[in-house]
There are 4 protein chains.
Amino acid sequence: MRADAERNRQRVLEAAEEVLARDGAAVSMRAVAERAGVGLGTIYRHFPTREALLQAIVVDRVRRLAESAGPLLAADDPAAAFFTFFTRVVDVSARKKALADEVSGAGLDPKAGLGAVGGQLRAAIEALLRRAQAAGGVRADLAMPELLALLGAACLGAERNQWDDALRDRALGLLFDGLRGP
Amino acid sequence: MRADAERNRQRVLEAAEEVLARDGAAVSMRAVAERAGVGLGTIYRHFPTREALLQAIVVDRVRRLAESAGPLLAADDPAAAFFTFFTRVVDVSARKKALADEVSGAGLDPKAGLGAVGGQLRAAIEALLRRAQAAGGVRADLAMPELLALLGAACLGAERNQWDDALRDRALGLLFDGLRGP
Amino acid sequence: MRADAERNRQRVLEAAEEVLARDGAAVSMRAVAERAGVGLGTIYRHFPTREALLQAIVVDRVRRLAESAGPLLAADDPAAAFFTFFTRVVDVSARKKALADEVSGAGLDPKAGLGAVGGQLRAAIEALLRRAQAAGGVRADLAMPELLALLGAACLGAERNQWDDALRDRALGLLFDGLRGP
Amino acid sequence: MRADAERNRQRVLEAAEEVLARDGAAVSMRAVAERAGVGLGTIYRHFPTREALLQAIVVDRVRRLAESAGPLLAADDPAAAFFTFFTRVVDVSARKKALADEVSGAGLDPKAGLGAVGGQLRAAIEALLRRAQAAGGVRADLAMPELLALLGAACLGAERNQWDDALRDRALGLLFDGLRGP
DNA sequence: CATGAATGAGTATTCATTCAT
DNA sequence: CATGAATGAATACTCATTCAT
C-alpha cells in the first residue's frame, strides 16, 4: 500500500475512533470524513460499508484488549489478575462508546461480527477465570455464561452512565466480592 | 379534556408502549400511529415531540415500578424484599425495551427527564436498602451510587442480552452475594 | 383519498410522464419533484420506489394502448385495423421514451414488471393479427414471436432515432408489405 | 508512441470491448481497468473521457463492419449480398451490446460521433443497395432513410431482446420480403 | 509513463414534524 | 378536534475524473 494511502487510512480510522468513542454508533460517514479531513470517497475506498468501518475499530479494540490479557496469565496472583482484567474491560468500555455493545452478550461468540477476536477475548477471560478458580480466589461454581453476562452488564452500565474511576471501583468491588464467594 | 380526546391519548400511549417494548427506542411515529389506529397528528396533539411520547411511557413504567415497592416496604424479611425488588426491576427491563436506559445511571436523579418519578423510584430503592441494612441482610457500607450503578448495569445487560430467567437468577445471585458482604 | 392528495398524485404522475418522455428512464426523483413542484417526500408517499413510479407511468401507457385496440377489433377492414394498431404503437413509442423498452422483447409477458397489462396488449395484438389473417390481409405463416420482435424493433428504432411521421410511414410501409406476404 | 504505451492502449481497448459487449454501455471505468489489468490513469492517458473510450470501440466495430462489405460488393448475386450484409449487421448487434445504438439512426451521418466510419458504413450499405436494385432484387423505390431506419430498428431489437438465430431469420425474412417489393 | 488514491457531486430513500383539509 | 399529506434535511453509497506518488 502506498504511503499516502496508509496515512489516510490511519487518519480515517483515528477520526472514526474519536467520533465513535464520543458520539456512539450513530456517527455519520460525513462526520467521520470531515473529522478526518478527507473526502467521503476516501472512506469508502478503505472500508466498503459503514459497518465495515465501525467494525474495524471495534475489532481492533477488542483485539488489543484480548492481547493485553497475555501478561496477566503469568501473574503471580491469579485472582488479582482476573479482577484486574475484568476491571480493564469495564474501564475501556466506559471511555469508548460502542465497545460495550460488543463485549455485551453474544458478541464474544465467533458467530458475531467480531470474527475471531471475539473468541480470543472470551478465551482470555476463560483462562484467567480458570487460573483464579484453581488458586481459590474465585468461587468454583462460577461459569462463563453468568460471568459474561455480568461483565457485559458492567460494560454497558459504565458506558451509559459514564462511571468515573471511583464509582467503578466501588461497584466492581461489590461485584467481585460476589464472585469470590459468599 | 373531551372524552374522545382522553380515549385517544390512552390508545396512543398503549400502542406506543407495545411497540416500544418490542422494538426499542428506534420506533417510528408512524408505527405508533398505525398500531394505535389514529392519525399522526393525533399523536402530536397529545405529545409535542417524539421524545415527549417515549418519555411519557417510560415515566409511567418507572412510576408503576416505584409504586410496586410499597408492599415490600412492610415485608417480614427486609433483605429478601430488597433483593426481590432489585430482581423485579431487572426483570422488567429484560422484557420492556428502552426501560433500562432510564433506570440506568442518571435517570433516577430528579434533574433528568423522568421528572419526579425518578426520585420516587430512587427513594423506594433507598428505603428498601435501609431496611435491609438495618436487618443485617445487606452490608452496611453499600451506598446508593454504586447500588444504582449496578442496578442500571444489570438492567442494561438483561435488556441487551435478553437474559432468560435462569441466567438472570445466576447472575443476580452472584451480585447479591456481593451486596450481602464479603 | 383526499382531494389535495389526489391532485398532487396527478401532478407527480404528469411531471414524471413529461420528464420520462423527454429524458428517458434515467430521470432522477429530484428532477420529477422539481418539475411537479412538490417535495421529494410527496413522491414517495404515492410511489414507494423509483421503479414503482416509472412503472406506474409505463403501465398506464401500455394499458391505454391496449384499450385503444378495442374499436379496431370491430373494424370493417381487419388488415387495415391490424396495421393501424401496429403503427399506433410505434407512433407512441416515438413520442414517449421508455415505452419502447417495455413493448420490446419479453416486456409483454405477464412475468415482466408490466403485470397484467403486458398480457392485455399482447392479447390485443394477437386478436388483431388473427382477424387480419382470417381476412387474408396478412400472411398466414406470421406468428407472434417474430411479429413482436419486429414491433419491438420498430418501437425502439422510432424512439431512438426520433422517426418523424413521414419516415415512420415509409419504414412501416415496407415492413407491412413483408407482413402481407411475398 | 512508446511500445509499452501502444501495448497498453490495445489492452484497454480489448478489455473495454469485452465488457462493453457483455454488459452494455453502463460499464464503469473501473471495470474496464480491472479487466485490462491496468490502472485507471492508464485509461485516461489514452482516452480523455469515458465517452471517448466507448466511442473508439464502436468506431472500430463499425469500421470492421464497413470493411467486411468489400467482398460482397463483387458477389455474383447482388440481392443476396445486400441481404447478407443487412443480416450481418443485425447479427453483430445482437452479440455486441452498444453497437445497435450507433448503427441506429443518426449514427451513420458523418456529423455524429462516429466520425468518418459512419459515412463509410453508410456508403457500403448504399452501394450494396444500388447493386441489388439494379439487379432487380430489391424494390427500386427503397431509399436510404427508411432502409437505415429499419436496419437500426432491427439492430436495436436484436440487441435488446436477444434474438436467437432462428428468430432473427424469421423476422428478417419478413422484412426482406417487404424490401423486395409487394 | 503507470498507478490507484482521493475527490465530491449526485442518487434513492427515510422520518420527525407541520398544517391544510 | 382528527387526519394524513406534504415537507425537506439527512443518510449511505457510487463513480467519472484528477493528480500525487
Side-chain angles (χ1 to χ4, degrees), chain A residues 1-9 11-12 26-33 36-53, chain B residues 1-5 8 12 26-34 37-53, chain C residues 1-9 11-12 26-33 36-53, chain D residues 1-5 7-8 12 26-34 37-51 53:
Chain A
M1 182 176 289
R2 267 164 49 175
D4 57 341
E6 181 57 31
R7 192 165 57 243
N8 267 326
R9 187 176 203 276
R11 290 176 68 183
V12 168
V27 221
S28 81
M29 297 299 264
R30 188 167 298 274
V32 173
V38 303
L40 266 174
T42 304
I43 299 184
Y44 283 94
R45 158 161 298 273
H46 294 294
F47 305 94
T49 66
R50 184 178 183 282
E51 278 318 298
L53 170 59
Chain B
M1 181 177 291
R2 273 167 41 177
D4 58 343
N8 268 331
V12 168
V27 130
S28 81
M29 294 300 264
R30 187 166 299 274
V32 173
E34 280 168 8
V38 303
L40 271 171
T42 304
I43 299 184
Y44 281 93
R45 163 161 304 274
H46 296 292
F47 305 94
T49 66
R50 185 177 182 281
E51 280 317 300
L53 169 61
Chain C
M1 183 174 288
R2 268 162 49 174
D4 57 342
E6 180 56 31
R7 193 166 55 243
N8 267 326
R9 186 176 203 277
R11 290 176 68 183
V12 168
V27 221
S28 80
M29 295 299 263
R30 188 166 299 273
V32 174
V38 302
L40 266 173
T42 303
I43 300 184
Y44 282 94
R45 157 160 297 272
H46 295 293
F47 305 94
T49 66
R50 184 179 184 282
E51 278 318 299
L53 170 60
Chain D
M1 180 175 291
R2 275 167 41 176
D4 56 344
R7 195 165 54 241
N8 269 330
V12 168
V27 130
S28 81
M29 294 300 263
R30 188 166 298 274
V32 174
E34 280 167 9
V38 303
L40 272 171
T42 304
I43 299 183
Y44 281 93
R45 163 160 303 273
H46 296 293
F47 305 94
T49 66
R50 183 177 183 283
E51 280 317 301
L53 169 60

Heavy-atom side-chain contact between B:R50 and B:L53 under 4.5 Å: no
Among E:dT3, F:dT3, F:dA6, the nucleotide that comes nearest once only the side chain of B:T42 is considered: F:dT3
E:dC15 OP1/OP2 closer than 4.0 Å to side-chain N/O of B:R30: no
Atom-to-atom span, CZ of B:R45 to C1' of E:dT18 - whole angstrom: 13 Å
Phosphate-side-chain proximity, D:N8 and E:dA2, N/O vs OP1/OP2 below 4.0 Å: yes
Complementary nucleotide for F:dT14 - Watson-Crick or wobble, under 3.5 Å: E:dA9
Side chain proximity check, B:R45 to B:N8, heavy atoms < 4.5 angstrom: no
side-chain N/O D:H46 vs E:dC1 OP1/OP2, d < 4.0 Å: no
Side chain proximity check, A:T42 to A:R11, heavy atoms < 4.5 angstrom: no
Nearest-Å distance for atom pair CD/C1', residues A:E6 and F:dA20: 17 Å
Separation between CE of D:M29 and CD1 of D:I43, rounded to the nearest 0.5 Å: 5.0 Å
Sugar-phosphate, base or nothing in reach of C:V32, heavy atoms under 4.0 Å: nothing
Atom-pair distance (CZ on B:F47; C1' on F:dA2), nearest Å: 15 Å
Minimum-distance nucleotide (side-chain atoms of D:L40 versus E:dG4, E:dA9, E:dT21): E:dG4
First encountered from the 5' end of DNA chain E, between B:T49 and C:P48: C:P48
Upstream residue (5' side of DNA chain E) when B:A26 and C:R7 are each assigned their closest nucleotide: B:A26
Rounded distance in Å - CE (C:M29) to C1' (E:dT14): 13 Å
Touch class at under 4.0 angstrom, heavy-atom based, for A:S28 against every strand present: sugar-phosphate
D:R50 vs F:dA16: side-chain N/O to OP1/OP2 distance below 4.0 Å: yes
Interatomic distance, A:R11 CZ vs E:dT7 P [rounded to whole Å]: 8 Å
Selection from F:dG8, F:dT17, F:dA12 that lies nearest to any side-chain heavy atom of A:Y44: F:dA12
Sugar-phosphate only, base, or nothing, as touched by C:V27 at under 4.0 Å among non-hydrogen atoms: sugar-phosphate
Residue met sooner reading DNA chain F from 5', once A:E51 and B:V38 are mapped to nucleotides: B:V38
Where A:V12 and A:F47 come nearest, the two heavy atoms and their spacing: CG1-CE1, 3.8 Å
Between P of E:dT13 and CG of C:L53, the distance in whole Å: 10 Å
Partner nucleotide, any strand, of E:dC1 [Watson-Crick/G-U, under 3.5 Å]: none
Distance in angstrom units between C:I43 CD1 and F:dG8 P, rounded: 12 Å
